[in-house]
Structures are given as structure tokens and as C-alpha cells.
Amino acid sequence: MDWAGWALFGLVATAVLTAVMIAAQLMGWTRLDLPLMLGTLVTEDPDHARVFGFFIHLAIGEGFALGYAAAFALLGIATWWLGALFGLVHVGLALTVLVPLLPGVHPRMASDRAGPASVAVLEPPGLLGLNYGARTPLVAIVSHVAFGLALGLLLKAR
Amino acid sequence: MPTTTRRPIGDYGLIGDTRTAALVSSDGSIDWMCVPRFDGDPIFGRLVGGSTAGFFRAGPARPKRVMRRRYRAGTATLETTWETDGAWLTLIEGMVAELEGRLLPTTILVRRLIAEGGPADAVIEFDPRLGQARAAPRVEKRGRVVTCSWGTLAAALTTSPRFPLEAGRPVRVTVQPGSPLTMVFAVANREPLVYVDPISAWSLLQIDEQRWGAWSQEIDADLPFRDAVVRSLLTLRLLTYSPSGAPVAAPTTSLPEQLGGIRNWDYRFSWPRDASIGIGAFLGVGKHREARSFLAWLLHASRVDRPRLPVLLTLYGKHPRHERTFDDWPGYAESRPVRVGNGAADQHQLDTYGWVLDAAWLLTRDGHRLYSETWRAVAGFADRVARRWREADAGIWEIRDEPKQHVHSKLMAWLALDRALRIADTRRCSARRCEHWRTEREAIADEVRSRGFDPETGCYTRSYGSDDLDSAVLVLPFIGIEPLDSPRVRATIDAIARELDAGGPLLYRYPPGRDGLPGTEGAFVPCAFWLVQALAQTGRITEATDRLDALVQLATPLGLYAEELDPTSGAHLGNYPQALTHAAFVRAALTLRDNTRHSPDEPGSSPAQTLDFNGMT
């Protein structure tokens, strides 16, 4: 297990994933904004939330990178294509399991059952994050494949 | 097959849970309800889909006179009482809005029949059909629950006491005094059905009723026409989709603007314009959370399009699917086609920016600090207006014709830049950017004063070079481009009131039929409220009060308004109930309240000089 590689490249891969998502937002492809979604766990102000959310996202990214690094170590191989494959599995889980579960734990995210007393400020993402735009699943797939690809490439190089 | 007599649009009452809504006729028939959301497929669609499109009736066994029909004061619970043979039969119904934290289905409709003065014969007709195909469900009886399923969508009807109910077949029942008959209709989409005991559901409805009552109590006690205003605010809230905060323009599609005509549109979407007007309405009565929620939705929903503001969006801020027609649906009063989707989504409507920026200004002025992100978005909208105001657009009336240089759009562009400059005074904004906005604002003023004004009549016109008038130009006294005592303002108000008069307090939005479509349409109700506002704002309080009083009388007996009214028969036309009309009514009442405080009709006093368009204070 390459601990130093995991520690550094996990951050790099998460930064790559974030960059892809921000670029997609700027291009008007999606309203999915992971730093905002995570940061609003802490504060309502979107600008401050993005800062908090960025660091929370880095931490979560490190967590996932640990899984990738462990899987590479177990298989005894780290390649870009295996990383991309892990990315596909990762995004599949994220879109079908993790993101739809968010309204259940996020204090500022409404659910499809929200009523007039709801003080939530974020709309629920819905299945595959489709509430945030029709191209959201595509953006999520590309960004997560980039995450896995970066990890596979960087860990292979060591 | 059940037969039906077409009911007037104004005969329907609205019940809802802020996720979807149902329209109930005075004979107790739910003839319109979409699931699981306002913009879902109709499960009861008889209103426009014909007799095989589903309905759910609970009422007297034979046609009886309605003794009383009302909402319970300050709530969303509807009560209808019929006189039956020597007794009274009352239907109390509503939907449960608050579910969070409890194991309940997302949609719960509760209906209770009670008899007083003796046994009353009633009939229950439960015939759900889904979507364009009017698909009959797979029906199963599970104990006292009748379940209907269509793939991943399922609905259950439970009654207490139990009786042999069958989907698609009328069932007669005698309701005894002291033994109410309670029915619960629950819907689940892509999740397991949760059976709700009718007695528990009734308790939930009562708790909801208390919540709505408390919500209504908070509304300013000094409002003119307070009861009617509260009903409008409740309607606006019922038409706000709670999971995203999106205001839906109306819960219906294709209720016609002319009986038998083709002006039948789908309004189950959100217009940023309506959201902005709603912000003014809710802020004016102290409902700050609702106002902020509208702006939050607006900014979140428009994120992928910025700095462009889409004309309309789905409840989750997506672009609507292409407009299509249900060719096999007969439509309301044979008004075809029945449309789903809205083709106006692709139009360029410059005025939208003005409404949104004014709403942002109102919140700022009321002490709500805009987040930096909000300000960046708002400034981006202003930049776009400064860049594109010279272009022709479709205008507020969404004319499906060649774009024109609409005077109202230019006025609203001026308003957008003016409000951006006001907000800029409270935020960091580069001097260069502000100067650009200022220069363009003055350029708009110069152009609209020269090209949008007819010196012969002394009033502003509908578009450059046109002789037509446009009721939307009644915004003139609010935006600040002209002084309130300007002869141009007064002449324009008077000309619109005279030339577009539809009888009584009603106005046409533009000369009838001048929109490139065959046929004509009714009087556009929001315009009548805008005239009230214009009169009140320019100090003509008595005229404004008289007109508002007359307009209140034109509401349905339940205090609801459609988009339009037939000037001859007084019948409500168009999608119903309509959020824009209710918001315009609230704002008219607020303008009257705020200007009456200045008593402008009294000698020596002057109209309120503080100009706020959406807030009308």
C-alpha cells in the first residue's frame, strides 16, 4: 500500500474531479455543486459554504482515494483504465445511492415530501441528480472517471 | 360510462398540499388532479380529458342544492353542504401538507361526509385513470383498501366505516348523523404504498388546518379586503411547490381563454416573473420566508442559463419538454388542442429581468442582505439587459409572432438597470460597470420617451410606432421613469382604462384578437388589478377602492380567480386558479393600504412618492 501516494494523489484526484464539475457548471451543463451541497451542512451562506464544502469534499475525496489505493494494492496493479473503471463503479454508487440519500441527512436540503413548514433551502437532487439538469449524470460520470483515471495514472507512476 | 355536465371553471375549489393540487366541483367531484406533482400525469383528468379521463366524486346521491360552500376560515380545508331530503350532507376535504418525519405517503387526500338532521343518501364514484392514455388501473382489494396501480405508480382508497367500494362504479351509501364516512386517497410513486387509517388521516388534516390557521393569523390585520387577500395568499402558497420553492403558475393545463377556442396553454410551470411578483406580495404582508424562498428558487433554477433568464422552467428548474398536444382529448368545452409543455419557453422576454431585479431590490431594501453569489447573479442579469435591451422581444404576453419593440419591455429594462444601480449602492460594484448601467438606463429612457410615446394622444403605446395600447404599461407610475404627476402618466392610465375597458372594473390586456391567433379572449384579470394599483399610486384612492371592491365581487364564491373573465357572462376563463392573478390582487390591496395612509384624496396631500414596483409601497 502506497500511503504517501494515496495522501498526495488523493488530493490531486479530488481537485481534478472538482475542476471538471466546476467547468461543467460554468458551461451551463449542470447545477450540481458538490462543495455547495456539502458546505451547506455547515452554513447557509453559499459563498462561505463553498469554502467549507471544498475542504469537506477534499476530505471525502481522500476517503474514496483510500479505497482506490487499497483496491490497486490488493490487485497488485494500478493503471489508468482500472482507475477509470473504479470511477464508473464509484459514480454509479454515488448517483443511485449516495446522492438520493442526501435529503435524509442534510439539514438544508428539502425532500420530495417537503411541506410548507420546510426551512430547507436546497432542492433535492432526485434520482441520478436529474433535478439539477438533464446532463448531470453525464457530468458526474466524466468527473468521477477523471478522478479514477488520475489516481490510476499517478499511483502507477510510483 | 359516467356522464357529466360541464361545470363552469369558477365552480371549482382548490385543495392542495404544496406538492400537487386537486380541483373539486360543487357536486363533490374531483375532476383534476395530477400526481405525484403539479406537473405530473393527471390521475383525475375529466376536466379537460372527457368523461373517461377519471374523477372522484363524493356527494349527494341525486343532484341537490348547495346550501353552503366555503373554506374553513384561514385554512385550505374546503367544506360543501347540500340540502338533501330533510337533512344536510356536508363534505369536508383537504390534503395533508406536512409529512416530514412520519411514515406517510407523499400524497394524502382526505374527504369526510357527515350528515346532520337525519340520514343522507350519498354516492361515491371513484374512477382513477392515468395520463394521456386515460389508462385504467390494475385494481385489487386488500381488506378495506382498494389499490390501483399503473407500473410504479400506485394509489389506495381506504374508507371508514368499511363499505363495498369498487373503482369505476358508483356506490350508494347512507350517511347517518354522528357516523361520518371518511375516505383517504393516498398515492405512492416509485416507493411502497403506505396505508393510512382514515381516522389518523382525519387527525392529520386537522393538525394541518391548525397550521394554516396560524399561518393566516400572522398576516397584517389592517389589510383592506383582508379575508379575500388571505385567501389569495393561501392560494399562492398552495401553488408553491415546497420541495424546490417553485411557484407554479396554475395547477391546470388547457383551460381555455375562449370557450371552444385554441388559446389553451399548459401553466404547470414556473415563470421567474411570477416568482418575482410573489416576492413583493409575500414581503408586503410580512411573509419574509416565503419571499426569500422564491428568490432562492429563482437563482438556483436559473443557474445553468445565467446570465440568461429563461421565460419559464419546470418545478425543478429544468427546461420544459417541447410543447405537444393530446389530440384525442376533447378539451374543456371542446376547446382544442389540449397542450402539454409550453412553447413560450424558447422566447426572449426582456421584461422578466426587470421583475427579478426589482424583487432583489425589494429584499435588499427590507434589510435582507443578498449573498455575494446572489449579487453576482443579479449584476450578470443587469449586464445582459444593458447589452440586449435594443433587441425586439416577445413581450410579457408571449405573443407567438414576430418579436417587436414592446414599450413595456423597454420600461422593464429601464427598471432592471435602475434597481441594479440601487442595489449597487449597498454592494461592491466597479465604477465602470455602474457607469455603463447608468448610461444604458438613460439611453432606454430617451428612446422609449421618443419612440414609445404618441404625442398626438399623449400616452405610451404598445410597441414602437403602434397605435395600440397595452395594459402592461400600467407599470408606468411605479418604476420611476416618469414623475407621478407627469401628464404622460395620467394620460396613459386614463387611455388604457378607456380604450381597453372590458366593462365594469375589467380590462383587456391589449385590443382583443391582436395577437396573431384566430379568435378572441376574455378580460385579463391581473391587468384590472394593475389599474387599481396605478390609480392608488397616483393618488386616485376612491377610484382605486371602487374598482378593487368590484373586482373582489367577481371572484368565485370561494375567492379564487382564473387568468381571465368573460366580460359578458362573468365566467372565469383560462387556467385556474392562477397565481399571477392572486399575486396581482394582493399587491393591489397593498398599494391601496400604503397609499391610503397618505390620504391622497384629501386636499393638500400628495401620493406616496416612494417608488417600489413589486412592493408597491
Using a 4.5 Å cut-off on heavy atoms from C-beta on, say whether the side chain of [Y] contacts that of [X].
| X | Y | value |
| --- | --- | --- |
| A:Pro116 | B:Glu98 | yes |
| A:Tyr132 | B:Arg303 | no |
| B:Arg190 | A:Asp112 | no |
| A:Glu123 | B:Leu315 | no |
| B:His300 | A:Asp33 | no |

Does any backbone or side-chain atom of A:Leu26 lie under 4.5 Å from a heavy atom of chain B? Answer side chain, backbone, both or neither.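 When you check distances to chain B, no heavy atom of A:Leu26 falls under 4.5 Å.
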
Residue A:Arg50 versus chain B: region with a heavy atom under 4.5 Å: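 Only the side chain of A:Arg50 comes within 4.5 Å of chain B.
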
Evaluate whether atom [atom1] of [X] has more than 12 neighbouring non-hydrogen atoms of other residues, nucleotides or ligands under 6.0 angstrom away.
| X | atom1 | answer |
| --- | --- | --- |
| B:Gln217 | CD | no |
| A:Trp29 | CH2 | no |
| B:Arg289 | CZ | yes |
| B:Tyr371 | OH | yes |
| B:His319 | NE2 | yes |

Check whether [X] gets within reach of chain A through its side chain, its backbone, both or neither, counting any heavy atom under 4.5 Å.
| X | result |
| --- | --- |
| B:Arg102 | backbone |
| B:Ala246 | neither |
| B:Ser293 | neither |
| B:Trp297 | neither |
| B:Arg306 | neither |
| B:Leu238 | neither |

Taking B:Arg376, B:Arg237, B:Lys318 one by one, which has the highest count of heavy-atom pairs under 4.5 Å against chain A?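 Option with the top pair count is B:Lys318.
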
What residue, out of B:Pro36, B:Ser244, B:Ala97, has the most heavy-atom pairs lying under 4.5 Å from chain A?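 Maximum pair count with chain A is reached by B:Ala97.
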
B:Pro243 versus A:Pro124, closest heavy-atom pair with distance: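 Smallest heavy-atom distance, with atoms named: O-CD, 3.2 Å.
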
Once you round to the nearest 0.5 Å, how far does OG1 of B:Thr374 lie from CG of A:Asp47?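 The OG1 atom of B:Thr374 sits 8.0 Å away from the CG atom of A:Asp47.
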
Just give me the residue among A:Ala24, A:Ala110, A:Pro46 that pairs up with chain B most often, heavy atom to heavy atom, under 4.5 Å.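 Going by pairs under 4.5 Å, I would pick A:Pro46.
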
